[in-house]
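Keep in mind the model is a prediction, meaning the values are calculated, not measured. Just so you know, ligand 1 is whichever comes first in the structure, and atom 1 is the first atom listed for that ligand.
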Amino acid sequence: MPHQCAHWCGNPPVKQKLLCICSLIRRCGGTFPQGKAGERKVDIMKLMVVGGGGREHAIIRCLKKNPEVTEIFALPGNGGIAADAACVPIGATDIDGIVKFAVENKIDYAVVAPDDPLVLGCVDALEKVGVPCFGPRANAAIIEGSKVFSKNLMKKYHIPTAGYAVFDDMEAALRYLDTAPIPTVIKADGLALGKGVIIAQTRDEAKAAVRDMMENHVFGKSGDHVVIEEFLTGPEVSVLAFTDGKVVRPMVSSMDHKRAGDGDTGLNTGGMGTVAPNPYYTPAIAERCMEEIFLPTVAAMNSEERTFQGCLYFGLMLTPDGPKVIEYNCRFGDPETQVVLPLLESDLLTVMQATTNGTLADTEVRFSDKYACCVITASAGYPVSYKKGYEITMTPEAAAHTYVAGAKLENGKLLTSGGRVTGTTAVAGSLADAIREAYRLASGVQFENAYRRSDIGQRALQAGNH
Ligand code: AMP
Ligand code: GLY
């Protein structure tokens, strides 16, 4: 049988069937979308990344390592991302604007990073006009978009998670709380900018949270339905996984630091720092998670005709009864991405295209066995209230290791424009070195009212296994 590349280059394959020289030298990654066999394409990859935070900056830097990538647009990006991509002032939820831009600029591949455009159907809309995309369609993004959906999915398919009850009637929820075990966890059903989860230590606190969500509508429509959940204990682990709906390729595990203050005190934030890998996530636990959680979740979504393709984020708690799902996200985590992607040794674009094309089984996803630490520099007062508009300065060394989350360019100056401003990542041969180096580099990022936690990674260091 004559062997010819199954992809676009037309070369004879190196080995028997699919493995062709073009995928080895990453000309098409084996999955170049528009090429036909035998047709040699000019090497131009125009990419578009939807979003504008530290996570998107990390994704863009990682995509840029591929020499085939000639142009990256960030919609809308931010003042710091502008150093690595062409920022276009189109909001991440302006689906019509995003689609129009992609068509007019002949985008070859799009990455939709944040939750809201995914839930709004950005991938569906781009696919409709023929732009291949990384990210789940809206019918699969619901796994993050509705906690009622995800809890019911886990119950139906026996995926371990906290016990729960769902309410759409406030009086019934309040009555339930008269006898529910305390502490308890109250969750608004829909997206709530990461703020829709209240851990209530007393019955009164729990009832106040229900009233806030269902009567005072502090999270808008997201609070029309609430989930009241059993309080779980144990170390938390974030596992991001690539999936094409058939196979699951977990990335290196990570540990977020959600509270604003040292020693895990203060309010919940979007995340004040991360380390990878997470020392609590042993190979035995990883195997158990694959069997009991990851594969069953992907299979459950298929059974519901909601095939998930993209990055599925498993927020896990390692309870005394085994690993349980705290939350699913339909996207890369922030700031988990800022430690996970610097450890990726395979080409990110190739892996992303494989999730889109359903060829992940044939694609290597390899991570370094090093350690990474990301330290967030925030505006003092975050997550409640803080001043913006301060000039940011970075040493060139710090800038090379820093992902910018909340900054804008004004008259050539980089100014703070958000709560989390930057994330500085170091990679090293030991966790202790990665932490030390991340803090050393982060000290090269300066602006008035800058605030960092001083203990990112300390809990992981104490846990051992590194
Ligand atoms: P989320 O906004 O869904 O990421 O949740 C915020 C944090 O609330 C999680 O990282 C956990 O620390 C905590 N949490 C959520 N659900 C539970 C639960 N059932 N038991 C204990 N802690 C929880
Ligand atoms: N770091 C948590 C999240 O991205 O949801």
Side-chain angles (χ1 to χ4, degrees), residues 51 53-56 58-59 113-116 118-119 141 143-151 154-155 160-166 180-201 206 209 213 219 222 226-241 251 253-260 264-276 278 280 311-321 323-341 374 376 378 383 403 405 419-420 423 456 459:
R55 164 185 55 204
E56 287 76 11
I59 291 171
D115 45 11
D116 25 14
L118 290 167
V119 170
I143 199 165
E144 174 171 0
S146 166
K147 294 213 192 296
V148 173
F149 171 85
S150 64
K151 293 300 287 189
M154 288 186 270
K155 187 175 184 183
T161 187
Y164 72 103
V166 177
I182 297 291
T184 190
V185 184
I186 320 286
K187 299 186 172 180
D189 176 41
L191 297 179
L193 297 170
K195 293 181 191 146
V197 175
I198 307 290
I199 315 274
Q201 301 293 343
M213 289 180 196
F219 302 120
S222 286
V226 299
V227 174
I228 300 183
E229 213 175 80
E230 171 196 8
F231 176 74
L232 300 177
T233 55
E236 284 185 56
V237 181
S238 306
V239 179
L240 319 180
M251 301 179 221
S253 63
S254 55
M255 181 192 281
D256 196 0
H257 297 66
K258 286 214 162 103
R259 300 297 198 94
D264 293 328
T265 55
L267 292 173
N268 253 326
T269 69
M272 293 299 293
T274 34
V275 291
N278 184 319
Y280 292 103
C311 173
L312 186 49
Y313 170 130
F314 298 90
L316 306 171
M317 196 170 268
L318 308 182
T319 76
D321 299 331
K324 295 190 180 181
V325 177
I326 287 280
E327 60 163 345
Y328 291 116
N329 291 325
C330 64
R331 50 162 176 92
F332 282 95
D334 189 341
E336 285 89 344
T337 308
Q338 291 90 315
V339 284
V340 168
L341 289 187
C374 173
I376 298 293
Y403 304 114
R420 291 189 296 176
I456 300 302
R459 206 151 33 87

request  = Report yes or no: does G333 have a heavy atom closer than 4.0 Å to ligand 2?
outcome  =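 Checking ligand 2 against G333, which is what was asked, there is a heavy-atom contact under 4.0 Å.
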query = Can you tell me if G315 has a non-hydrogen atom under 4.0 Å from ligand 2?
reply =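 So G315 does not count as touching ligand 2.
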Quick one: closest heavy-atom pair of [X] and [Y], and the distance?
{"X": "M272", "Y": "A260", "result": "CG-CA, 4.0 Å"}
{"X": "D264", "Y": "R459", "result": "OD2-NE, 3.1 Å"}
{"X": "G271", "Y": "D256", "result": "CA-OD1, 3.4 Å"}

task = Carefully, step by step, assess K151 and E229 under the rule salt bridge (Lys or Arg N to Asp or Glu O under 4.0 Å).
result = CA-CA 10 Å; K151 293 300 287 189; E229 213 175 80; 3.0 Å; yes
At less than 4.0 angstrom from any non-hydrogen atom of [X], what atoms of ligand 1 do you find?
{"X": "I199", "result": "8 (O), 13 (C), 14 (N), 22 (N), 23 (C)"}
{"X": "I326", "result": "15 (C), 16 (N), 17 (C), 18 (C), 23 (C)"}
{"X": "F231", "result": "20 (N), 21 (C)"}
{"X": "K258", "result": "4 (O), 10 (O)"}
{"X": "E230", "result": "18 (C), 19 (N), 20 (N)"}

message = List ligand 2 atoms under 4.0 Å from D256, heavy atoms only on the residue side.
response = 1 (N), 2 (C)
Ligand-residue contact atoms, ligand 2 with G270, heavy atoms, under 4.0 Å =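 The list of qualifying atoms is 1 (N).
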query = Any idea which protein heavy atom is nearest atom 5 (O) of ligand 2, and the distance to it?
reply = R331 NH2, 3.0 Å
note = When distances are taken from atom 2 (C) of ligand 2, the protein heavy atom at minimum range is Y313 OH, 3.4 Å
Using a 3.5 Å distance criterion without hydrogens, assess whether the side chain of [X] forms a donor-acceptor pair with backbone atoms of [Y].
{"X": "N278", "Y": "E236", "result": "yes"}
{"X": "H257", "Y": "G273", "result": "yes"}
{"X": "T269", "Y": "K258", "result": "yes"}
{"X": "R55", "Y": "F332", "result": "yes"}

request  = Any chance you could measure N329, atom CG, to E144, atom CD, to the nearest 0.5 Å?
outcome  =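 Result: 4.0 Å between the selected atoms.
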request  = Using heavy-atom distances, let me know which of V185, I198, T184, V197 sits nearest atom 2 (O) of ligand 1.
outcome  =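 Of the listed residues, V197 has the closest heavy atom.
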task = Please work out which of R259, K187, E236, E144 has its closest non-hydrogen atom nearest to atom 9 (C) of ligand 1.
result =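 That would be E236.
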ask   = Quick one: does N268 get an N or O within less than 3.5 Å of an N or O on ligand 1?
value = no
Salt bridge present between D115 and R331 (N-O < 4.0 angstrom) = yes
ask   = So, do Y313 and Y328 have ring centers that fall under 6.0 Å from each other?
value = no
task = Determine whether the side chain, the backbone, both or neither of T233 has a heavy atom under 4.0 Å from any heavy atom of ligand 1.
result =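 It is neither; nothing of T233 touches ligand 1.
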Close N or O approach (K258, ligand 2; < 3.5 Å) =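 No, since none of the N or O atoms of K258 sits under 3.5 Å from an N or O of ligand 2.
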key: Region of E336 that comes within reach of ligand 2 [heavy atoms, distance under 4.0 Å]   = side chain
